[in-house]
Amino acid sequence: MNDTPHLPPALATGIGSLPGTDAREAAKAATGSFEDFPHLPELPARGPGADMIGRTAGLLVELYARVEPSGWRIGDRPGRDTRRARAWLGEDLDALEEFTQGYEGLLKVQAVGPWTLAASLELRNGEAALSDPGASRDLAASLAEGLRLHLEEVRRRVPGARLVLQLDEPSLTAVLRGQVRTASGYRTHRAVDRLVVEATLRDVVGVHDDGPVVVHSCAPDVPFALLRRAGAAAVSFDFSLLTERDDEAIGEAVEAGTRLFAGVVPGTDGPLSDPAGSVMGVRTLWRRLGLRPGLLPEALTVTPACGLAGASPGYARSAYAHCVRAARSLADNPE
């Protein structure tokens, strides 16, 4: 039941990553800023295993990965890198649990989706798992089981939460277009058939059958229609990368009940406009699509454009507060 009624209007949340290495500070920021929709923070500055690929590799069941000079590579047994990834995730969950005592409401957790994982994890020969359809299938199945166990663990720690699962798929468009480079860098892996991409995503999305799944990509040309068909209740994207070519797909998505997580607040340090100014582009898009203004706060969640790992701690806190105020301005004045 990956639908959107679970998501009330006028929401804001973070994408996932934050600067720094202190799990308690990050959990405090995510839960304190987003009282209605906190998320489990990620702190990639801690090093390999805290990065998004290593963190998700640590969730895999009966598949393991280790760090090589070229990146993360699938191995035979859990080693130091797997243990480190799992330990950091445990530390993050401990901190989240501390700051969500008695919490009842939405809570978002993030993991890398199957296709970005297949484009990023290497096989023993050094090529991406994407190069081998069987390896890609095994990886997606392992990820699905790992996510199921991860969601169970979060439910146990925060029993009042209604979980939202975010799958990070920044490489999805490159996978669909055959733009993922081989190990040599001279060629690219062939494009994966769209039906195969969609079916695999549907299988992984289906793991969270009692709550909404949002698919996030801060790359250009997000395949809105494919994600909707795969069962995503929401699509998260960098609003600044939209072009008028995306209008039709976005209009169809909204009319079909898909929630938009619009990344309107820059992910790196810089001046922030007033909150109403941050969502002015969203209102313009709405008018261009001829959508009912009153639908806007119901159909849109405000987020940063991407993760905030590259921002300063002060800017990250300001960006989160800005998202909340921008969402409120949409609710107060959707037109």
* salt bridge (charged side-chain N to carboxylate O under 4.0 Å, His left out) between R46 and D92, intermediate numbers included -> CA-CA 12 Å; R46 290 182 295 199; D92 294 336; 2.7 Å; yes
* Structure fact -> Between the CG atom in D168 and the OG atom in S217, the distance rounded to the nearest 0.5 Å is 9.0 Å
* Asked: Given L40 and L107, is the side chain to side chain contact (heavy atoms under 4.5 Å, CB included) satisfied, shown in steps?
  -> CA-CA 8 Å; L40 176 65; L107 172 64; 5.6 Å; no
* Asked: Does L149 share a hydrophobic cluster with L117, counting links as ILVMFWY side-chain heavy atoms below 4.5 Å and allowing steps through other members?
  -> no
* Are L272 and L18 grouped together when hydrophobic residues (ILVMFWY) are joined by side-chain heavy atoms under 4.5 angstrom apart? -> yes
* Structure fact -> salt bridge (charged side-chain N to carboxylate O under 4.0 Å, His left out) filter on R177, not counting sequence neighbours, yields D221
* Give the C-alpha distance, both sets of side-chain angles, the deciding distance and a yes or no for side chain to side chain contact (heavy atoms under 4.5 Å, CB included) between W115 and V196. => CA-CA 10 Å; W115 291 109; V196 173; 4.1 Å; yes
* Do L227 and L172 have side-chain heavy atoms sitting under 4.5 Å apart? -> yes
* Quick one: do E152 and R148 make a salt bridge, cutoff under 4.0 Å? -> yes
* Asked: Do the charged groups of R124 and D76 touch, with an N to O distance under 4.0 Å?
  -> yes
* Does F224 offer a backbone N or O that forms a donor-acceptor pair with the side chain of R229 under 3.5 Å? -> no
* Report yes if some heavy atom in the side chain of D36 is under 4.5 Å from a heavy atom in the side chain of T13; otherwise report no. => no
* Atom pair CE (M280) and CZ (R283), whose distance is rounded to the nearest 0.5 Å -> 8.0 Å
* To do: Compare every heavy atom of A140 with every heavy atom of V204, then report the nearest pair and how far apart it is.
  => CG2-O, 4.0 Å
* Give a yes or no answer on whether the side chain of D246 reaches the backbone of T243 with a donor-acceptor pair at less than 3.5 Å. => yes
* **E153/R155 ion pair, N-O < 4.0 Å** => no
* To do: Establish, from distance only, whether the side-chain atoms of E169 and T116 form a donor-acceptor pair under 3.5 Å.
  => yes
* **Rounded distance (nearest 0.5 Å) linking atom CE of M52 with atom OG of S120** => 6.5 Å
* Cationic N near anionic O, under 4.0 Å, R194 to E198 -> no
* Validation row: L296, V279 side chains within 4.5 angstrom (heavy atoms) -> no
* Asked: More than 12 heavy atoms of other residues, nucleotides or ligands under 6.0 Å from CD of Q101: is that the case?
  -> yes
* Asked: If you draw a 6.0 Å radius around CD in E68, do more than 12 non-hydrogen atoms from other residues or ligands fall strictly inside?
  -> yes
* Is there side-chain contact between T82 and R66, with heavy atoms separated by less than 4.5 Å? -> no
* To do: Verify the neighbour count for atom CZ of R245: are there more than 12 heavy atoms of other residues, nucleotides or ligands below 6.0 Å?
  => no
* **From CZ (R86) to CG (L60), nearest 0.5 Å** => 8.0 Å
* Structure fact -> Heavy-atom closest pair (F237 atom, V235 atom, distance to 0.1 Å) is CD2-O, 3.5 Å
* Least distance between heavy atoms, A311 atom then P19 atom -> O-CB, 3.1 Å
* Which pair of heavy atoms, one from S171 and one from A119, lies closest together, and at what distance? -> CB-CB, 4.2 Å
* To do: Assert yes or no for the condition that the ring centre distance of Y320 to H39 is strictly below 6.0 Å.
  => yes
* Rounded to the nearest 0.5 Å, what separation is found between the CD atom of E145 and the CG atom of L59? -> 11.5 Å
* Which residues satisfy the salt bridge (charged side-chain N to carboxylate O under 4.0 Å, His left out) test with E122, sequence neighbours excluded? -> R73
* Before giving the answer on side chain to side chain contact (heavy atoms under 4.5 Å, CB included), spell out for D238 and V264 the whole-Å C-alpha distance, their side-chain angles and the decisive distance to 0.1 Å. => CA-CA 7 Å; D238 180 344; V264 296; over 6 Å; no
* Using modelled atom types only, decide if a donor and an acceptor are shared between the side chain of T188 and the backbone of G178 within a distance under 3.5 Å. => yes
* Donor-acceptor under 3.5 Å (K28 side chain, A95 main chain) -> no
* **Side-chain (S312) to main-chain (Y315) donor-acceptor, under 3.5 angstrom** => yes
* **Main-chain N/O of A183 paired to E127 side chain as donor or acceptor, under 3.5 Å** => yes
* Asked: Can you tell me if CZ on R202 sees more than 12 non-hydrogen neighbours from other groups inside 6.0 Å?
  -> yes
* To do: Would you check if T258 and E252 make a side-chain contact, meaning some heavy-atom pair closer than 4.5 Å?
  => no
* Answer yes if the side chains of S278 and S273 hold a donor-acceptor pair under 3.5 Å, and no otherwise. => yes
* To do: Among D51, D81, T56, find the residue that satisfies the side-chain hydrogen bond (donor to acceptor under 3.5 Å, both in side chains) test when tested with W72.
  => D51
* Does any non-hydrogen side-chain atom of I15 lie less than 4.5 Å from one of F261? -> no
* What is the minimum heavy-atom distance between W286 and P293, and which atoms define it? -> CD1-CA, 4.0 Å
* **R24 bridged to D94 by N-O distance under 4.0 Å** => no
* **Distance in Å, L285 CG paired with D247 CG, rounded so as to fall on 0.5 Å steps** => 6.0 Å
* To do: Would you mind reporting whether T21 and L43 have side-chain heavy atoms less than 4.5 Å apart?
  => no
* Group every Ile, Leu, Val, Met, Phe, Trp and Tyr by side-chain heavy-atom contacts under 4.5 Å, then state whether Y64 and V61 land in the same group. => no
* To do: Grab the two heavy atoms, one from A57 and one from A65, that are nearest each other, plus how far apart they are.
  => CB-CB, 3.9 Å
* Sidechain-backbone polar pair: S142 side chain, L139 backbone, donor-acceptor under 3.5 Å -> no
* Any chance you could lay out the side chain to side chain contact (heavy atoms under 4.5 Å, CB included) test for L330 and V302, step after step, and finish with the verdict? => CA-CA 9 Å; L330 275 184; V302 176; 4.2 Å; yes
* Asked: Are L176 and L241 joined in one hydrophobic group, where the rule is that I, L, V, M, F, W and Y side chains link up if heavy atoms are under 4.5 Å apart?
  -> no
* Asked: Are L151 and V158 grouped together when hydrophobic residues (ILVMFWY) are joined by side-chain heavy atoms under 4.5 angstrom apart?
  -> yes
* Just wondering, do S131 and L123 contact through their side chains at under 4.5 Å, heavy atoms? -> yes
* Asked: Is there a side-chain hydrogen bond (donor to acceptor under 3.5 Å, both in side chains) between S33 and R317 once you walk through the steps?
  -> CA-CA 8 Å; S33 301; R317 288 191 294 272; over 6 Å; no
